[in-house]
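A short write-up of the structure that comes next.
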There are 2 protein chains.
Amino acid sequence: MTLKRVAEDLNLSVTTVSRALNGYPDVSEATREKVREAARKVGYVPNRLAQALQRGTSEAVGIILPSQFGHFEDPFFLELLVGIGERLHSANLDLVVCAVPEGPAEVDAYKRLVEGRRADAVIIARTRRHDERIDYLIEQGVPFVTHGRAETATPIAFIDADARTAFRRATERLIELGHRRIALIGAPEELFTAGERKTGYEEALRAAGITFDPDLYAVTRLNERGGTAAAERLLGGDKRPTALLCANDAIALGALRIARRLGIAVPDELSIVGFDDLPMAAQAEPPLTTMRQDIRGAGARLAEMVCARLGGTAIADLQELLEAPLIERESTGLASQT
Amino acid sequence: MTLKRVAEDLNLSVTTVSRALNGYPDVSEATREKVREAARKVGYVPNRLAQALQRGTSEAVGIILPSQFGHFEDPFFLELLVGIGERLHSANLDLVVCAVPEGPAEVDAYKRLVEGRRADAVIIARTRRHDERIDYLIEQGVPFVTHGRAETATPIAFIDADARTAFRRATERLIELGHRRIALIGAPEELFTAGERKTGYEEALRAAGITFDPDLYAVTRLNERGGTAAAERLLGGDKRPTALLCANDAIALGALRIARRLGIAVPDELSIVGFDDLPMAAQAEPPLTTMRQDIRGAGARLAEMVCARLGGTAIADLQELLEAPLIERESTGLASQT
DNA sequence: TACACTTTCCAAAACGTTTTGGATCGCAGG
DNA sequence: CCTGCGATCCAAAACGTTTTGGAAAGTGTA
């Protein structure tokens, strides 16, 4: 059902019908009502493509889903996606998703998205320190917002958890509990957030006069399997840490499993801290101490920010750092006296 | 950069440029090369919206993400999404995702998608026995494929795990191991697959001359929390089952947790079986016996099917039932003699 | 009566493609 | 010289909308 057909039925011009439906003031209330009624009755729905073509915008935002993140172990992305999707939907924007293997294909996918005018703006998640996707978008002048920061020449619109502060506080708390040998299982170093987490951890150590021990630092992928691997290495050695700070709840849960397998009591012999506060964290055995991040909320905010960006809001007004408070449960406790 | 600009640069008509790029035979090889070269040099990318409008197709398929499924506990959807997305991307189709709360908003979202010509076809996941989304799409004549079957008047294109056979086999195996009191934690009954699973279970019981005991049947949501709740009920009673068949790995993991909390040894006192074979299943303590389902593969196949459907393949040729083989690990064993 | 101003409507252009239905030219065959 | 034909090219219409720049009719004012 097209505008033309509705217009013919009513013996009006398409112009008038269009303007009636779009709330222009130059159509009488009587005809506006007639038009609304007729449109409703025949089930008229505007053709998105025609609208988009005419307006020169596609009313859609794109996001790339690196397939690697699709894995079960990493529920982060779906949660973010739902947050973004819901909010965009209520703003009457479509969300175009491309799943591509991580690597050069990613930038290509963004290219197809923006150069084919399929999306007015894009969202980037899991930013890397030096991110070609961001470089490309800046160069092209495409509006975008990111979840996570990056090292860029010009400022970008982002939302991010303040992982540095969170990790500093968590480390301070562990020190307060008497821990001295605190290990960090960090994220892959190309991720911007990896540096933040490590910095926060180091700041707290330094403030307490503890020197950073490279043997107490491991890097691994952000999933449970990564956690088990790293924990095996760290806990298998002779200078075993008394506390384990994990980049992720998934990693922390993996570490918890290893501790159990090795017969290390948590929290009596080993304290473990995660990040994210997944629902599973509270149900772990013992319930996991972690830093809370509202991922779905961040997704919703990201969607709002992308709308704002499209509406012309300045980048400087679209940079948000979210607190990630420490939720103390039962996986942390006083350091053992050994 | 538009077709017109390219044409002007070359002193050709837009017609010729268009036809040159699209491989029509009525343009000389010499001009075709010139056009290709010029287009490449100025970075011409066709405007998807204009193409879509003209062709009357949007080159996109839609999928609705019920927000409820976005939850961390249920990684199913993301995996499916990645499978679908990758394959569609390589077929040069866009994937438009809407996240909406489950309920009437779902059908509305599909309406917006198809009536606004935003998608040529749609994919439905987690089908319900009586599914308004499907009814609507059939009525509208919109091509669609589903993950999961449904009770419909006319046949539909679907892909689904053969949960009935899988659950029958699993139950048979438990009976073979000496179990008599086998409980089932099923999915919410409005889901089509819930009935399939229960039927398979009942078939095996009947064949072994065991009568179905309603006290050994619980229904719960398909996530870990659902599993803990249902297991608490089933294991707390006096006529405790010796085996637990779960609709889901997530549920099974929840049940495992409850067994541990109640001090019930797995598998010595209680056998537990899941479904999906999430990566986590193999790493559970003890490693979970489960039925394997390749969700990402199903997603890819779903994408192929939707392409086939758009290409005119008959519905009858697009109905696939996938085997879900039993993977025996250490959460199952001989029935205890109590 | 003429003028200006409002209100209400509309024809036509535009967005960037694809496709239809020729038009033009050169050349071979009669 | 005319006809027919293949090889190239192109103008214009079409897809469904929004927007521009009026036009027509009504209303009050001088």
Side-chain angles (χ1 to χ4, degrees), chain A residues 1-36 38-39 42-60 92-94 112-120 310, chain B residues 1-36 38-39 42-60 92-94 111-120:
Chain A
M1 180 54 60
T2 74
L3 214 47
K4 187 154 73 169
R5 296 257 288 283
V6 177
E8 278 164 4
D9 288 358
L10 288 166
N11 263 325
L12 284 172
S13 74
V14 291
T15 307
T16 304
V17 175
S18 170
R19 296 178 81 82
L21 293 173
N22 290 322
Y24 278 71
D26 64 349
V27 29
S28 76
E29 268 315 311
T31 39
R32 189 192 304 282
E33 255 325 306
K34 260 195 310 216
V35 170
R36 280 223 186 95
V42 301
Y44 167 74
V45 175
N47 182 321
R48 219 63 201 306
L49 300 168
Q51 283 185 325
L53 179 60
Q54 154 65 27
R55 295 210 269 245
T57 95
S58 59
E59 321 278 303
N92 200 24
L93 285 174
D94 290 330
R112 242 174 57 176
L113 228 41
V114 304
E115 287 175 15
R117 299 278 134 63
R118 295 144 126 119
D120 299 330
L310 285 171
Chain B
M1 182 54 59
T2 75
L3 214 47
K4 188 154 70 167
R5 296 257 288 283
V6 178
E8 278 164 4
D9 287 358
L10 289 166
N11 264 326
L12 284 172
S13 73
V14 291
T15 307
T16 304
V17 175
S18 169
R19 295 177 82 82
L21 293 174
N22 290 323
Y24 279 71
D26 64 349
V27 29
S28 75
E29 268 316 312
T31 38
R32 188 191 304 284
E33 254 326 304
K34 260 194 310 210
V35 170
R36 280 223 186 95
V42 301
Y44 168 73
V45 175
N47 182 321
R48 221 53 198 322
L49 299 167
Q51 284 185 326
L53 179 59
Q54 156 65 26
R55 295 209 270 244
T57 98
S58 60
E59 322 277 303
N92 200 22
L93 286 174
D94 289 335
K111 272 192 187 156
R112 239 173 61 173
L113 229 40
V114 305
E115 288 175 15
R117 298 282 131 64
R118 197 64 216 221
D120 299 330

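Per chain, numbering begins at 1; letters A, B, ... match sequence-line order.
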Subject >> Distance, rounded to the nearest Å, where B:R117 contributes CZ and D:dT17 contributes P >> reply: 9 Å

Original post:
Would one find a side-chain N or O of A:N47 under 4.0 angstrom from OP1 or OP2 of D:dC15?
Top reply: no

Original post:
Between B:Q54 (CD) and D:dA14 (P), how many Å, whole number?
Top reply: 11 Å

Original post:
Between the main-chain N or O of A:Y24 and the side-chain N or O of A:R32, is there a donor-acceptor pair closer than 3.5 Å?
Top reply: yes

Original post:
Atom CD of A:Q51 to atom C1' of C:dC15: distance rounded to whole Å?
Top reply: 13 Å

**OP:** May I ask you to say what B:L12 touches in the nucleic acid, namely base, sugar-phosphate or nothing, with a heavy-atom cut-off under 4.0 Å?
**Re:** sugar-phosphate

Original post:
Using a cut-off of less than 4.0 Å, is there contact between a side-chain N or O of A:T16 and OP1 or OP2 of C:dC9?
Top reply: no

**OP:** Could you state the atom-to-atom distance from CG of B:L21 to C1' of C:dG16 in whole Å?
**Re:** 13 Å

Original post:
If you pin A:N22 and B:E29 to their nearest nucleotides in DNA chain D, which one's is more 5'?
Top reply: B:E29

Original post:
Judged by atom type as modelled, is there a donor-acceptor pair below 3.5 Å linking the side chain of B:S58 to the main-chain atoms of B:R118?
Top reply: yes

Original post:
Of the nucleotides D:dC9, D:dC10, C:dT17, which one has an atom closest to the side chain of B:S28?
Top reply: D:dC9

Original post:
Is there a side-chain polar atom (N or O) of A:Y24 under 4.0 Å from OP1 or OP2 of D:dT19?
Top reply: yes

**OP:** For C:dT19, take OP1 and OP2 only and decide whether either is under 4.0 Å from a side-chain N or O of B:S18.
**Re:** no

Original post:
Which listed nucleotide (D:dC10, D:dT18, C:dA11) is nearest to the side chain of B:D26?
Top reply: D:dC10

Original post:
So does A:R112 have more than 12 non-hydrogen atoms from other groups sitting under 6.0 Å from CZ?
Top reply: yes

**OP:** Check the distance between D:dG16's P and A:M1's CE and give it to me in whole angstrom.
**Re:** 11 Å

**OP:** Could you tell me the separation between the CZ atom of B:R55 and the CG atom of B:D120, rounded to the nearest 0.5 Å?
**Re:** 10.0 Å

Subject >> Basic-acidic side-chain contact under 4.0 Å: A:E33, A:R36 >> reply: yes

**OP:** Indicate yes or no: does B:E8 engage B:R5 in a salt bridge with an N to O separation below 4.0 Å.
**Re:** no

**OP:** Report the distance from atom CG of B:L53 to atom P of C:dA14, rounded to the nearest whole Å.
**Re:** 17 Å

Subject >> Phosphate OP1/OP2 of D:dC9: any B:T31 side-chain N/O under 4.0 Å >> reply: yes

**OP:** Compare the minimum distances between each of D:dC9, C:dC9, D:dT17 and the side chain of A:A50, then state the nucleotide with the smallest one.
**Re:** D:dT17

Subject >> Nucleotide nearest B:Y44 (side chain, heavy atoms from C-beta), chosen from C:dT17, C:dT18, D:dG16 >> reply: C:dT17

Subject >> Most 5' of A:V14 and B:V27 on DNA chain D, judged by nearest nucleotide >> reply: B:V27

Subject >> Minimum-distance nucleotide (side-chain atoms of A:L3 versus D:dG16, D:dT17, C:dT17) >> reply: D:dT17

Original post:
Rounded to whole angstroms, how far apart are CD on B:E8 and P on D:dC10?
Top reply: 13 Å

Original post:
When the distance from NZ of B:K4 to P of C:dG16 is rounded to whole Å, what number comes out?
Top reply: 7 Å

Original post:
Ignoring hydrogens and angles, does a donor from either the side chain of A:T15 or the base of C:dA11 sit under 3.5 Å from an acceptor on the other?
Top reply: yes

